[in-house]
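The chains referred to below are lettered A, B, ... by the order of the sequence lines, with proteins before strands, and numbering in each begins at 1.
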There are 2 protein chains.
Amino acid sequence: MKLTVSRLYKYRDTLIRFRQIGMVRVFSDDLAEDMNTSATQVRKDFSLFGISGNKKGGYQIHRLIIQLDRLLGKDKTHFVIIVGAGNLGKALMNYGGFEEEGFKVVAVFDNDPRKISRKGKIPVLPVQGLERFIKARELDLGIIAVPYFAAQEVAGRMTAAGIKGILNFAPVSLKVPGDCFVSNINVQLELETVSYFAKIMKENKKHSQQKKAL
Amino acid sequence: MKLTVSRLYKYRDTLIRFRQIGMVRVFSDDLAEDMNTSATQVRKDFSLFGISGNKKGGYQIHRLIIQLDRLLGKDKTHFVIIVGAGNLGKALMNYGGFEEEGFKVVAVFDNDPRKISRKGKIPVLPVQGLERFIKARELDLGIIAVPYFAAQEVAGRMTAAGIKGILNFAPVSLKVPGDCFVSNINVQLELETVSYFAKIMKENKKHSQQKKAL
DNA sequence: TAGATTGTTAATCGATTAACAATC
DNA sequence: TAGATTGTTAATCGATTAACAATC
């Protein structure tokens with residue numbers, strides 16, 4: 001399910017690019033090609049979410065985007081808080097891409113008094129007020145950008161206050177209640193994984209060269 | 001396979017934390033609990049990579065770390081280049097975590113002459129010299145931190161010059177030869193996915209409350 | 001020894017892919 | 001109409017989990 005949903009967001013992305021260059025309709029095959037997947041996968045994903053096209057004429061891009069927008073909640077603004085105003089937290093706070101895509105960072109929290117500031121476009125507040133803030137605004141989404149040893153505590157406080165979705169940048173596996181969804185981004189780990197498979201690729205090459213030499 | 005490998009890196013992480021607090025041996029169960037997985041999964045992963053413990057006494061942490069280090073290439077320094085010196089590229093360049101974990105960013109490339117600088121600890125070079133640099137140093141690993149419309153071109157040049165593993169931050173699906181491994185990080189997409197499931201979580205709650213009310 | 005733990009084989013689960021009927 | 005494309009059902013694949021024999 002998670003994979004299907006994230007593909008739906010990607011289809012939407014692709015469709016918006018297609019629309020920008022003047023396209024009006026697409027076939028499942030066009031989407032598949034752009035996204036390195038199969039036409040069957042595309043149709044399967046759509047069918048799972050009740051999206052249908054025309055037996056011959058494919059899908060109307062504009063209409064499809066509207067359907068996906070509603071399905072994926074892209075027709076609303078989503079409010080987010082970030083906990084942690086270190087390098088990463090600040091980078092995320094200043095990243096313009098969120099706003100463009102319908103996310104509004106309403107506040108950042110930190111436990112370092114020197115980082116607190118109510119002046120900027122996005123306030124940086126003391127983490128003590130976290131729960132109160134979340135409850136008062138009925139927020140659902142939180143981003144964790146604190147060191148690994150603080151992440152579980154932050155997650156616990158977030159969920160206790162009603163957060164239902166967490167994007168976690170700390171390299172630990174968070175324990176959260178069943179009514180909260182967590183997604184992890186671990187840059188370090190991704191780079192490690194890439195380096196592992198890069199090594200494999202090199203070794204394979206060597207082997208096939210050895211084979212050739214025989 | 002990818003999933004297993006990335007779990008191995010996580011086991012290593014956990015083991016290092018365990019060792020720091022003075023632990024000497026672990027059972028598959030301890031690792032599983034810390035990582036939110038099952039003991040069977042842990043043993044299966046190990047067995048897949050020929051790692052074995054003691055029928056009764058579990059695994060020796062120190063020895064296990066050494067084995068994982070060799071298996072995962074953590075016993076060597078890996079050299080990396082970054083293409084794109086925008087916000088993200090700069091953040092990655094200044095991120096200390098890589099060096100700690102055995103990755104050394106040897107250069108950053110950009111096509112904006114104003115960003116070029118050979119003075120800093122890590123030089124920022126004109127992207128024209130990319131292929132030459134990769135070939136001269138026989139580099140395997142590249143990070144793509146350029147806008148989406150430039151990513152495919154960069155990937156093509158990287159792979160043509162011999163790069164075997166790419167960590168891609170651009171929100172597009174890269175087409176690369178079969179002897180190059182790509183891993184994608186798409187912060188925007190992850191946040192979208194989280195927001196989708198957060199909504200589901202809220203709706204489920206509403207439903208169960210409705211049920212209760214009956 | 002009895003109990004606990006590993007390592008592996010078999011079963012299950014979920015996701016992707018193949019096949020194909022429906023139809024524009 | 002014939003050919004192309006969708007939507008769905010069945011088959012396959014890969015990963016996780018359950019079961020359990022081996023053994024410390």
Side-chain angles (χ1 to χ4, degrees), chain A residues 1-11 14-15 18 23-65 67-68 71 173 178 181-184 189 193 196-197 200, chain B residues 1-11 14-15 18 23-65 67-68 71 173 181 183-184 189 193 196-197 200:
Chain A
M1 202 71 245
K2 190 193 167 185
L3 291 173
T4 303
V5 168
S6 91
R7 276 195 303 269
L8 290 178
Y9 281 101
K10 289 191 211 167
Y11 296 138
T14 301
L15 288 163
F18 283 177
M23 288 172 67
V24 172
R25 357 185 87 261
V26 269
F27 302 125
S28 52
D29 206 34
D30 303 323
L31 280 168
E33 202 200 330
D34 188 85
M35 275 180 51
N36 264 352
T37 181
S38 67
T40 302
Q41 179 77 273
V42 174
R43 296 200 300 275
K44 181 83 184 187
D45 289 340
F46 285 174
S47 121
L48 242 34
F49 281 78
I51 291 175
S52 59
N54 305 104
K55 286 276 155 150
K56 181 69 185 298
Y59 305 81
Q60 273 190 37
I61 292 179
H62 191 70
R63 193 176 116 81
L64 187 47
I65 291 173
Q67 286 178 294
L68 287 170
L71 220 46
S173 183
F181 180 88
V182 178
S183 192
N184 299 291
L189 178 63
T193 309
Y196 179 86
F197 286 102
I200 304 272
Chain B
M1 203 71 244
K2 192 195 164 181
L3 290 173
T4 303
V5 168
S6 90
R7 276 196 303 269
L8 290 178
Y9 281 101
K10 289 190 210 167
Y11 296 139
T14 301
L15 288 164
F18 283 178
M23 288 172 65
V24 172
R25 352 185 91 261
V26 269
F27 300 126
S28 52
D29 207 35
D30 303 323
L31 279 169
E33 202 199 331
D34 187 86
M35 275 180 51
N36 265 351
T37 181
S38 68
T40 303
Q41 178 77 271
V42 174
R43 296 199 299 274
K44 181 83 184 188
D45 287 341
F46 286 173
S47 120
L48 242 33
F49 281 78
I51 290 175
S52 60
N54 305 105
K55 287 276 155 149
K56 182 72 187 299
Y59 305 81
Q60 276 190 37
I61 292 179
H62 191 71
R63 193 176 117 82
L64 187 47
I65 291 173
Q67 286 179 293
L68 287 171
L71 219 47
S173 183
F181 180 88
S183 192
N184 298 290
L189 178 63
T193 309
Y196 180 86
F197 287 102
I200 304 272

Scoring nucleotides 8-19 of chain D by protein non-hydrogen atoms under 4.0 Å (B base, S sugar-phosphate only, - none) yields SB-----SSBB-
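Listed for the Asp45(A) side chain is no donor-acceptor partner under 3.5 Å among the backbone atoms of Val42(A). One N or O on the side chain of Asp30(B) and one on the backbone of Phe27(B) form a donor-acceptor pair closer than 3.5 Å. A donor-acceptor pair under 3.5 Å is absent between the side-chain atoms of Arg43(A) and the main chain of Ser28(A), judged by distance alone.
No side-chain heavy atom of Thr37(A) sits under 4.5 Å from any side-chain heavy atom of Lys10(A). Within the 4.5 Å cutoff, the side chain of Phe49(B) has heavy atoms near those of the Val5(B) side chain. In this structure the side chain of Arg7(B) reaches within 4.5 angstrom of the side chain of Thr4(B), judged on heavy atoms. In this structure, Tyr59(B) and Leu31(B) have side chains that are not in contact, with every pair of non-hydrogen atoms separated by 4.5 Å or more.
Look at CG on Asp30(A): it is 13 Å from C1' on dA4(D), rounded to the nearest Å. If you take OH of Tyr11(A) and P of dT6(D), they are 12 Å apart, rounded to a whole angstrom. Between Gln60(A) atom CD and dT6(D) atom P there is a gap of 14 Å when expressed in whole angstrom units. Rounded to a whole Å, the NZ atom of Lys56(B) is 12 Å from the P atom of dC24(D). Between Arg25(A) atom CZ and dA4(D) atom C1' there is a gap of 14 Å when expressed in whole angstrom units.
Relative orientation of the Phe197(A) and Phe181(B) rings is parallel, given thresholds of 30° and 60° on the angle between their planes.
Nearest nucleotide to the side chain of Ser52(B), out of dT6(C), dC24(D), dG7(C): dG7(C).
With pairs defined as Watson-Crick or G-U wobble and both atom distances under 3.5 Å, the stems of at least three pairs that touch DNA chain C come out as C:3-24 with D:3-24.
For Tyr9(B), there are no ring-ring contact (aromatic ring centres under 6.0 Å, His included) partners, not counting sequence neighbours.
Within 3.5 Å, a donor on the side chain of Lys55(B) pairs with an acceptor on the base of dT6(C), or the reverse.
Nucleic acid contact class of Phe46(B) (heavy atoms, under 4.0 Å, all strands): none. Residue Gly57(A) is classed as having no contact, given no heavy-atom separation below 4.0 Å to the nucleic acid.
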